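One structure below.
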Number of protein chains: 2
Amino acid sequence: MLASIDTRISSLTEVEVASPESLVINPTAERKGVAGGPCATCSAHNQAICSGLKDQELEEFARNVRTRLVKTGQSVYREFEEAKYLYSVVTGEIRLANLLDDGRRQVTAFKSAGEVIGEEKNGYYQSDAEAVCDTVVCQIPIKALDKFLTEMPSIQTALTAKVLDELLALRRHAILLGRKTPIEKVATFLINRAGKASGNPSNEIQVELTMGRNDIADFLGLTIETVSRTITKLRKMGLLEVPSNHSILIKDRAWLKSLAEGEK
Amino acid sequence: MLASIDTRISSLTEVEVASPESLVINPTAERKGVAGGPCATCSAHNQAICSGLKDQELEEFARNVRTRLVKTGQSVYREFEEAKYLYSVVTGEIRLANLLDDGRRQVTAFKSAGEVIGEEKNGYYQSDAEAVCDTVVCQIPIKALDKFLTEMPSIQTALTAKVLDELLALRRHAILLGRKTPIEKVATFLINRAGKASGNPSNEIQVELTMGRNDIADFLGLTIETVSRTITKLRKMGLLEVPSNHSILIKDRAWLKSLAEGEK
DNA sequence: CGGCTATTTGAGAGAAATCAAGGATAGTGG
DNA sequence: CCACTATCCTTGATTTCTCTCAAATAGCCG
């Protein structure tokens with residue numbers, strides 16, 4: 001699955017000449033005659049807010065959206081910027097972050113395929129959204145969205161569910177930030193990643209990290225050194241192997257999970 | 001304003017014989033013949049999700065809701081409990097909290113008049129909701145709400161706005177928990193309270209705390225001792241006076257605000 | 001291969017948690 | 001109304017962690 005994402009991204013990247021900052025592709029231009037239009041064949045379709053749409057609605061939806069390639073480190077939008085679009089992540093990964101004036105940063109979430117970003121307050125985005133790796137997002141104009149919400153109830157429902165999911169995720173994250181130890185934080189992070197990564201319930205599982213230690217530290221409310229030391233500690237306990245900086249092999253998922261919950 | 005709340009609560013408390021656990025009052029029984037029904041005269045009406053309703057809609061709304069007195073320490077609902085109602089706070093204050101298995105607690109928000117609680121995920125509440133002090137809530141059955149959402153668009157709009165507000169508040173709280181120092185945390189807490197408390201932009205302002213130090217500690221991700229020491233420190237800096245445990249006088253709001261943002 | 005960046009590791013300082021009393025406050029019942 | 005008790009809050013001493021500062025190592029890109 002990761003391989004197919006990589007393929008998709010690099011093929012898109014090659015077209016990237018068109019716009020050095022961020023590539024905009026009109027999906028209607030890509031495929032014609034497919035039932036449901038181009039969105040029907042989107043790799044994120046099944047997990048996205050458009051998944052409940054019928055063929056005809058989906059075609060209408062497709063006419064209103066654009067996909068956009070956001071390269072590593074580039075931002076999709078910034079906090080306090082006027083919110084004109086809602087986005088759905090297609091491939092890759094986005095980090096949402098908030099900053100203090102002196103540069104301290106808190107990453108509040110990593111968002112991947114099918115997830116929605118772009119929440120606003122009084123018309124302005126609530127946080128910075130930046131690509132952790134080369135990422136494709138689906139850009140939905142707020143104006144078009146308003147129409148969809150009334151005409152296509154399944155979008156309303158799906159969107160509400162996504163927002164409530166995000167609320168819950170933030171609550172879970174709050175208890176992590178405020179009350180968990182570094183080991184519990186890192187264990188929770190890895191377990192959540194493993195859950196995202198596959199349905200394989202086996203005790204050993206490979207986790208791919210798109211982000212660097214810095215992002216992990218800012219996500220968990222730690223310094224980069226503490227993250228590094230904690231991973232080392234888990235490795236020396238025999239819980240992990242670290243084949244590369246961006247990949248971690250969990251040797252004992254159940255044990256790691258119990259650590260994540262604070263059972264010592 | 002606080003005085004009027006107290007009056008209201010104690011008058012309700014006296015009726016409390018009816019139900020030792022939590023008093024249920026049918027507002028339709030209270031007043032008749034008022035345009036908009038009993039909800040029109042609700043002290044929280046202007047800030048609540050029902051504020052945009054016309055008289056007739058409001059009467060329909062009133063027929064479907066009940067008010068409920070929740071005494072100090074009692075819970076409105078618990079995490080993982082089936083979500084049958086959405087609530088709007090009328091008077092008093094509710095704390096939302098999540099727990100770890102070993103009892104560690106993170107308070108994610110304090111909710112007062114006009115604010116909504118009861119967010120769910122797959123039909124189950126996301127956190128514990130408990131009364132910080134004697135509190136009156138308006139109980140809206142989810143089933144009735146679903147009907148309102150389609151028939152009264154202003155409710156849909158208001159509710160969406162409330163949820164987005166909550167998302168933003170949680171993001172702000174995440175950066176507080178993950179990246180702020182104890183002084184910044186306490187200063188932020190007090191400044192936010194002061195903002196809630198009044199429109200008085202003067203430099204000196206009185207803040208009423210309904211909750212104890214324990215709740216503040218669990219809200220800010222600190223121990224109770226650190227909260228206490230930090231308040232003492234701010235007091236000795238001449239920034240605060242503490243006339244009673246539940247009341248704090250901010251002597252220099254601008255200075256406190258600059259501390260809250262991390263400017264040293 | 002060389003330079004750049006990311007990550008790991010080490011030593012030391014500082015800060016908040018923990019452990020332990022002591023003091024204030026509020027609510028209860030005489 | 002006041003004494004009494006339970007709870008809450010503050011303060012002090014000590015310990016433990018995590019951060020900070022510093023440097024070495026590893027990985028990556030051209």
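We name chains A, B, ... by the order of the sequence lines, and we start the count at 1 in each one. Just so we're clear, the structure is a prediction, and the values are computed from it rather than from any experiment.
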Original post:
Has the side chain of A/S247 got a donor or acceptor atom that lies under 3.5 Å from a matching backbone atom of A/S244?
Top reply: no
**OP:** Mind checking B/T232 for me? I need base, sugar-phosphate or nothing, with any heavy atom below 4.0 Å counting as a touch.
**Re:** sugar-phosphate
Subject >> Whether B/K111 side chain and B/S88 backbone form a donor-acceptor pair below 3.5 Å >> reply: no
**OP:** Would you please indicate if the ring centroids of B/F80 and B/Y125 are separated by under 6.0 Å?
**Re:** no
Original post:
Tell me: CZ of B/R235 to P of C/dA24, nearest whole Å?
Top reply: 12 Å
Subject >> Between D/dT10 (C1') and B/L234 (CG): distance, integer Å >> reply: 15 Å
**OP:** Starting at atom CG of B/N245, determine the distance to atom C1' of D/dT7, rounded to an integer number of angstrom.
**Re:** 11 Å
Subject >> Euclidean distance, atom NE2 of residue A/H246 to atom P of C/dT5 [Å, nearest integer] >> reply: 15 Å
Original post:
Just how far, in rounded Å, is P of D/dC17 from NZ of A/K185?
Top reply: 15 Å
**OP:** Check for a donor-acceptor pair, side chain of B/T135 on one end and backbone N or O of B/C133 on the other, with a separation under 3.5 Å.
**Re:** yes
**OP:** Do nucleotides 11-22 of chain C as a string where each nucleotide becomes B, S or -: B if the base has a protein heavy atom under 4.0 Å, S if just the sugar-phosphate does, - if no protein is that close.
**Re:** B----SSBB---
**OP:** With side-chain hydrogen bond (donor to acceptor under 3.5 Å, both in side chains) as the test, would you mind laying out the steps for A/T210 and A/E93 before giving the verdict?
**Re:** CA-CA 7 Å; A/T210 48; A/E93 194 152 15; 2.5 Å; yes
**OP:** Round to a whole Å and report the spacing from CG of B/N214 to C1' of D/dT7.
**Re:** 11 Å
**OP:** Without swapping roles, check the side chain of A/D218 against the backbone of A/I224 for a donor-acceptor pair under 3.5 Å.
**Re:** no
Subject >> Nucleotide D/dT7, atom C1' - distance to CG of B/D215 in whole Å >> reply: 14 Å
Original post:
Between A/M211 (CE) and C/dA6 (P), how many Å, whole number?
Top reply: 15 Å
